[in-house]
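Shown next, in C-alpha cells, is the structure this report addresses.
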Amino acid sequence: MERLNIALIGAGRRGAGAHLPVIAKMSEAFRLVAICDRDEATAQRYASEHRCKAYTSVVDLVANERLDIADVVVPADGHHAICCYLMEHGIHVLVETPIAITLPLADLMIETAQRNDVKLEIAENYYREPQERLKSLVIAQGHIGKVSRLHRIFREGGYHGMRVLRVRAGGNPTSVWSVTHTSDVVPHTDQMKRHHAQENWTLSVLTFENDVLAVMAYSNVIHARSMGRGQTGIWQVDGTKGTIVDDAVFLVPPDELEKGAIATAYTPQRTTEKVNGVEVLQALELGLPDGKLIWENPYRRFGVTEWQVSIADELWSIACAVWENGEPDYGAEAGRLDQEMNIGQHESALRDRKTITFPLASPTQWEQQAHEKFVAKYGCDPFDIERLVEVFFPRV
C-alpha cells in the first residue's frame with residue numbers, strides 16, 4: 001500500500017498533543033508533509049520538529065502541496081468550512097468531533113464529500129477505546145443477554161456520550177427528554193487548558209427503537225474532571241442476564257439465581273509488550289464461565305500507547321477507505337446521527353423539557369440560535385465557505 005501524504009490542520013491541544021504523535025508513529029501508512037496553524041510560531045515549531053513544511057493558511061497549503069488526506073483538528077465552528085474547502089479540492093478528510101455544530105452544516109459536508117467522491121471520517125474516539133471494544137464483544141456474544149438500560153452518570157457525555165450510548169443500545173434513537181441547570185463556579189483552567197466560569201449541566205433520558213432506555217448526566221466541568229466533578233461516576237449497561245459496570249462484567253451463576261442472585265465480577269487482564277521502547281497493549285483478556293474473550297490490539301506494531309489506540313484507529317480508518325475506495329469505519333452519516341442526538345437534548349431543554357422525537361425537524365430552534373451566534377461571532381453567514389476558510393477560529 002502506497003504511503004499517503006497527510007497534513008495536520010490545527011496544532012493546538014488536541015492536534016499537536018494527541019493526533020500528531022500518532023501520525024508520526026504510523027509512518028508505514030502516512031507521509032507527514034505539512035502542518036498548518038493560524039499561529040505562525042506554532043506551525044513553525046511543530047513543522048521543524050517533524051521535518052515538514054509549515055503553513056498558516058489552508059488556501060496556501062492546498063495550493064502548494066499534493067495531499068491525499070487532511071487531519072482537521074480545529075475548533076468545531078470551523079469544521080464545515082475547512083473540510084468543504086479541502087473536499088472541493090479532492091482531498092480526503094479526517095475531522096475531529098463533532099462533525100459540525102448543526103445538522104445543515106453537517107449535511108453540507110456530506111453532500112460536498114459525495115459530489116467530489118472523497119472520503120470523510122469523523123475522529124470519534126470513545127467507542128474505539130480498547131475497553132469499549134472488549135465490551136462490544138461481551139454484548140455481541142450475548143453474555144449479559146439483551147441490553148435493556150444504560151446509565152452514564154458523571155462521565156464524559158455530550159456528543160461522545162451519545163455515540164457510546166447508541167453503540168451499547170444497538171439501535172437508533174427514537175426520543176430524548178432533557179433538563180439543564182447552569183450555575184457559577186470559581187473561574188478556573190482545567191488540565192486541558194480550557195477555561196470555565198460556569199457549569200452547564202444536562203440530564204437526558206433517551207429511548208431507542210429496540211426498547212432500550214438510557215440516562216445520561218453531563219456537564220463541561222464533569223468532562224474536565226475539575227473541581228472534584230466526575231471523580232466518581234457510573235457507566236453501567238444492564239442486560240437480561242447480567243451487567244457491565246465500568247470495565248467489570250457481572251454474571252450470576254445458575255445455582256445462585258434462586259438464592260439471592262449475587263453476581264460474580266469478571267475483570268479484564270492486560271498483556272503488554274515493549275515496542276520501540278514503549279509499553280504497548282498487546283491484548284485484553286476476559287475470562288468468563290463460557291470461555292475466554294480476547295481483544296487483540298491491531299496497532300501494537302506502531303508503538304502507540306493504550307491511550308493512543310483510538311486515534312490510530314481513526315487514522316487507519318480513513319487510510320483504508322482511501323486505499324480500498326471503501327467506506328470509513330465510522331463515517332459521516334454516523335457522525336451526523338450522533339450529533340443529531342446531541343442537538344435533540346439541547347432542543348428538549350430549550351423547549352421547556354419537551355420530549356423530542358427523532359429524526360429532528362431541522363433546523364431546530366437550538367440550531368437557528370447557533371447560526372445567529374455564529375454570525376455575531378464571525379461576522380458572516382456560516383455557509384460562506386470562501387470567507388470562512390481564512391477565519392481564525394479561537395481555541396477554547
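The residues of the chain are indexed from 1 along the displayed sequence. Side chains are part of it too, since the values below use all heavy atoms of this structure and drop only hydrogens, waters and symmetry mates.
- Looking at Q282, its side chain never comes within 3.5 Å of a backbone N or O of T271 through a donor-acceptor pair.
- With S175 contributing its side chain and I356 its backbone, the two residues share no donor-acceptor pair below 3.5 Å.
- Looking only at atom types and distance, the side chain of T180 has no donor-acceptor partner in the side chain of T202 under 3.5 Å away.
- Distance alone, capped at 3.5 Å, places no donor-acceptor pair between the S317 side chain and the D313 backbone.
- To the nearest 0.5 Å, the span separating CD1 on I144 from NZ on K135 amounts to 10.5 Å.
- When all heavy atoms of L281 and N297 are compared, the closest pair comes out as O-ND2, 2.8 Å.
- Both tests hold for R152 against W235: distance to the six-membered ring centre under 6.0 Å, angle to the ring axis within 45°.
- Looking only at distances, no side-chain donor or acceptor of D71 sits under 3.5 Å from a matching main-chain atom of A7.
- Put simply, CG on N116 and CG on L120 are 11.5 Å apart, with the number rounded to the nearest 0.5 Å.
- When all heavy atoms of V73 and G15 are compared, the closest pair comes out as CG1-N, 3.4 Å.
- Under a hydrophobic clustering in which Ile, Leu, Val, Met, Phe, Trp and Tyr are joined whenever their side-chain heavy atoms come within less than 4.5 Å, directly or via other members, Y266 and V252 fall into different clusters.
- Counting heavy atoms of neighbouring residues, nucleotides and ligands inside a 6.0 Å radius, atom CZ of F154 does not exceed 12 of them.
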### Message
Let's go through R155 and Y218 carefully: what are the C-alpha distance in whole Å and the side-chain angles of both, what is the deciding distance for side-chain contact (heavy atoms from CB on, under 4.5 Å) to 0.1 Å, and is it a yes or a no?
### Response
CA-CA 7 Å; R155 291 296 179 95; Y218 165 75; over 6 Å; no
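- Side-chain polar atoms of E124 and T97 form no donor-acceptor pair below 3.5 angstrom.
- Exactly one residue among L8, L32, I6 makes a side-chain contact (heavy atoms from CB on, under 4.5 Å) with C52. That residue is L32.
- Within 6.0 Å of CZ on R225 lie no more than 12 heavy atoms contributed by other residues, nucleotides or ligands.
- Side chains of L213 and S148 form no contact here, defined as non-hydrogen atoms less than 4.5 Å apart.
- If you check the side chains of K25 and N276, you find no donor sitting under 3.5 Å from an acceptor.
- In terms of modelled atom types and a separation under 3.5 Å, the side chain of E327 and the main chain of A321 share no donor-acceptor contact.
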### Task
Given ring-ring contact (aromatic ring centres under 6.0 Å, His included), test W366 with H346 step by step and report yes or no.
CA-CA 7 Å; W366 186 88; H346 293 308; 4.9 Å; yes
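- The NZ atom of K373 sits 10.0 Å away from the CD1 atom of I101 when rounded to the nearest 0.5 Å.
- Atom-to-atom distance recorded for R45:CZ and E40:CD is 15.0 Å, nearest 0.5 angstrom.
- Under a cut-off of 6.0 angstrom, the local environment of CZ in R51 is sparse, with at most 12 non-hydrogen atoms contributed by other residues, nucleotides or ligands.
- Between F374 and Y378, the two ring planes are tilted [angle within 30° to 60°].
- A donor-acceptor contact closer than 3.5 angstrom is absent between the side chains of E96 and H79.
- Between M26 and L315, the closest side-chain pair of non-hydrogen atoms falls below 4.5 Å.
- Geometrically, R163 engages Y127 in a cation-pi contact defined by less than 6.0 Å to the ring centre and at most 45° from the axis.
- Applying the ring pair (Phe, Tyr, Trp, His ring centres under 6.0 Å) test to every pair with at least one member in residues 1-59, sequence neighbours left out, gives no pairs at all.
- Side chain to side chain, S183 and Q198 fail the donor-acceptor criterion of an N or O pair below 3.5 Å.
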### Query
Going through the distances and angles, do S310 and E129 end up as a side chain to side chain donor-acceptor pair (under 3.5 Å)?
CA-CA 5 Å; S310 58; E129 294 173 353; 5.3 Å; no
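- Under the 3.5 Å distance criterion, with hydrogens and angles disregarded, a donor-acceptor pair is assigned to the side chains of D338 and Y330.
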#### Entry: Full working for side-chain contact (heavy atoms from CB on, under 4.5 Å) between M109 and I99
CA-CA 8 Å; M109 294 169 66; I99 179 173; 3.8 Å; yes
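- Two residues are said to be in side-chain contact when any heavy atoms from C-beta on lie closer than 4.5 Å; Q345 and M216 meet this criterion.
- With rounding to the nearest 0.5 angstrom, the CG atom of D190 is 5.5 Å from the OG atom of S226.
- Atom CZ of R149 is separated from atom CG of D238 by 5.0 Å, given to the nearest 0.5 angstrom.
- Checking side-chain atoms of W295 against main-chain N and O of E285 turns up no donor-acceptor pair under 3.5 Å.
- Across every non-hydrogen atom of E209 and G171, the tightest pair is OE2-CA, 3.7 Å.
- With hydrogens and angles left out, the side-chain atoms of N200 and T182 include a donor and acceptor closer than 3.5 Å.
- Residues V147 and R168 have side chains not in contact (no heavy-atom distance under 4.5 Å, counting atoms from C-beta outward).
- For the residue pair L388 and A81, the shortest heavy atom distance occurs at CB-CB, 3.6 Å.
- Judged by distance alone, the side chain of R301 and the main-chain N or O of P298 form a donor-acceptor pair under 3.5 Å.
- With hydrogens and angles disregarded, a donor-acceptor distance shorter than 3.5 Å links the side chain of H89 to the backbone of Y85.
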### Message
Evaluate V93 against M87 for side-chain contact (heavy atoms from CB on, under 4.5 Å), listing each step before the verdict.
### Response
CA-CA 7 Å; V93 171; M87 293 187 292; 3.7 Å; yes
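- With no hydrogens or angles considered, a side-chain donor-acceptor pair links H371 and T102 at under 3.5 Å.
- No donor-acceptor pair closer than 3.5 Å links the side chain of N125 to the backbone N or O of I311.
- With 3.5 Å as the limit, one finds a donor-acceptor pair spanning the side chains of N220 and H196.
- Side-chain contact between T56 and R38: absent, with no pair of heavy atoms (C-beta onward) separated by less than 4.5 Å.
- The closest side-chain heavy-atom distance from I9 to V58 is below 4.5 Å.
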### Task
Given salt bridge (charged side-chain N to carboxylate O under 4.0 Å, His left out), test R31 with D68 step by step and report yes or no.
CA-CA 10 Å; R31 182 186 296 107; D68 298 303; 5.8 Å; no
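- Judged purely by atom type and a 3.5 angstrom limit, S136 uses its side chain to pair as donor or acceptor with the backbone of E132.
- Residues E314 and E121 form no side-chain contact, since every pair of their non-hydrogen atoms from C-beta on lies 4.5 Å or further apart.
- Defined by atom type and a distance below 3.5 Å, a donor-acceptor pair is missing between the side-chain atoms of E340 and N342.
- Residues L134 and L286 are in side-chain contact: their nearest non-hydrogen atoms beyond the backbone lie under 4.5 Å apart.
- When all heavy atoms of Q131 and L284 are compared, the closest pair comes out as N-CD1, 3.8 Å.
- When all heavy atoms are compared, the tightest approach of I35 to A43 is O-CB, 4.1 Å.
- The aromatic rings of W316 and W323 lie perpendicular to each other, with more than 60° between the two planes, well past the 30° mark.
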